[in-house]
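These values consider heavy atoms only, across backbone and side chains, with no hydrogens, waters or symmetry-generated copies. All residue numbers in this chain count up from 1 along the given sequence.
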Amino acid sequence: MGLQDEFKLKGVSVYKVSKEAGIPYTTLSDLVTGKTDINNASVRTLSRLSRYMALTMDELYRKMDTAHVMHLKKYQGLPTELDESINNLIVAIDMGKELIDCELAQVLGDINMSESWGLIDSVKAKELRSYYVFDVLDELERRETEKNG
């Protein structure tokens with residue numbers, strides 16, 4: 001679950017959190033939406049946000065680190081099966097589920113199927129493979145490397 005979802009659960013807006021935590025609105029909004037990477041945020045901002053959210057810095061980092069994955073949903077008008085498999089992938093990553101590779105395989109299969117059925121063209125299929133499969137694999141590998149030292 002990303003920070004936007006946490007805010008919704010707590011019934012607070014980005015504006016309210018920014019005022020109450022003492023974080024400039026644009027700074028917080030850019031962090032929550034993934035426009036600004038957590039690694040580029042100041043310690044002061046992250047510290048204020050973690051205190052406000054009653055999270056450790058590690059918990060906050062994990063929630064914000066998954067927020068950009070939620071940003072994966074950027075394409076509209078995809079075939080239904082492909083859209084559903086992408087949604088399942090996003091949920092699996094966001095929840096930290098095991099076997100994310102199974103969701104990735106489903107997305108890849110649905111991209112290939114949509115292309116072969118003529119529901120998307122080869123340019124779109126290549127773009128989707130790069131974005132939803134290969135970039136996600138690279139990011140998950142990076143995280144695993146960081147976690148294991």
Side-chain angles (χ1 to χ4, degrees), residues 1-108 110-111 114 119-120 123-149:
M1 181 180 305
L3 276 180
Q4 270 182 320
D5 295 322
E6 287 286 327
F7 288 178
K8 285 180 187 173
L9 281 176
K10 292 181 182 261
V12 295
S13 65
V14 173
Y15 179 79
K16 182 175 182 174
V17 174
S18 75
K19 289 296 177 197
E20 293 179 0
I23 302 168
Y25 174 79
T26 21
T27 301
L28 183 58
S29 178
D30 289 351
L31 278 172
V32 169
T33 61
K35 185 175 180 182
T36 298
D37 188 273
I38 185 173
N39 296 312
N40 295 329
S42 72
V43 172
R44 180 178 169 188
T45 296
L46 296 176
S47 175
R48 287 180 177 188
L49 184 56
S50 70
R51 256 184 278 133
Y52 180 87
M53 298 296 294
L55 300 168
T56 66
M57 290 288 273
D58 185 54
E59 291 167 332
L60 178 67
Y61 181 82
R62 278 187 273 125
K63 287 186 182 296
M64 291 180 72
D65 199 34
T66 61
H68 87 279
V69 174
M70 295 300 290
H71 252 71
L72 286 176
K73 189 71 175 155
K74 74 175 196 177
Y75 292 94
Q76 301 296 318
L78 296 176
T80 303
E81 293 80 10
L82 177 55
D83 192 55
E84 287 174 8
S85 64
I86 289 169
N87 286 335
N88 291 339
L89 173 65
I90 291 168
V91 168
I93 292 171
D94 197 39
M95 294 177 70
K97 287 186 174 179
E98 297 293 318
L99 305 175
I100 290 173
D101 56 334
C102 295
E103 299 293 346
L104 284 166
Q106 183 67 47
V107 169
L108 182 57
D110 286 344
I111 291 169
S114 295
L119 301 173
I120 58 174
V123 172
K124 175 65 80 181
K126 183 177 180 180
E127 184 179 345
L128 292 170
R129 278 186 210 100
S130 174
Y131 190 72
Y132 288 111
V133 179
F134 304 122
D135 288 356
V136 169
L137 281 170
D138 288 345
E139 177 62 20
L140 293 173
E141 185 177 318
R142 181 194 65 78
R143 289 183 194 181
E144 191 64 28
T145 302
E146 283 181 2
K147 189 167 87 174
N148 294 330

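The CG atom of Leu82 sits 6.0 Å away from atom CD1 of Ile120, with the distance rounded to the nearest 0.5 Å. For the atom pair CG of Leu128 and CD1 of Ile111, the computed distance is 5.0 Å after rounding to the nearest 0.5 Å. Between the CD1 atom of Ile86 and the OH atom of Tyr131 there is a distance of 10.0 Å, given to the nearest 0.5 Å. The structure places SG of Cys102 at 12.0 Å from CG of Asn88, a figure rounded to the nearest 0.5 Å.
Between the side chain of Ser29 and the backbone N or O of Thr26, no donor-acceptor pair lies under 3.5 Å.
Listed here is the closest heavy atom pair of Leu89 and Tyr132: CD2-O, 3.6 Å. Taking both residues in full, the closest heavy atoms of Leu49 and Phe7 are given as CD1-CZ, 4.2 Å, listed atom of the first, atom of the second, then distance. Smallest separation of non-hydrogen atoms from Pro79 and Ser114: CG-OG, 3.6 Å.
Taking Ser130 as the reference, Asp135 meet the side-chain contact (heavy atoms from CB on, under 4.5 Å) condition, with sequence neighbours excluded. Partners of Glu20 by side-chain hydrogen bond (donor to acceptor under 3.5 Å, both in side chains), not counting sequence neighbours, listed by chain and number: Tyr52. In this view, Ser42 and Thr45 satisfy the side-chain hydrogen bond (donor to acceptor under 3.5 Å, both in side chains) rule, not counting sequence neighbours. Remark: Ala41 pairs with Leu31, Leu46 by the side-chain contact (heavy atoms from CB on, under 4.5 Å) rule, at least two apart or across chains. Here Asp30 pairs with Lys35, Thr36 under the side-chain contact (heavy atoms from CB on, under 4.5 Å) rule; sequence neighbours left out. Residues passing the side-chain contact (heavy atoms from CB on, under 4.5 Å) test with Lys10 are Glu6, Val12, Met53, sequence neighbours excluded. Taking the salt bridge (Lys or Arg N to Asp or Glu O under 4.0 Å) definition, one finds that Arg51 meets it with nothing, sequence neighbours left out.
Of the residues listed (Leu104, Asp110, Leu108), the one engaging Gln106 in a side chain to side chain contact (heavy atoms under 4.5 Å, CB included) is Asp110, and it is the only one.
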Check against side-chain contact (heavy atoms from CB on, under 4.5 Å), Val107 and Val136: CA-CA 11 Å; Val107 169; Val136 169; over 6 Å; no
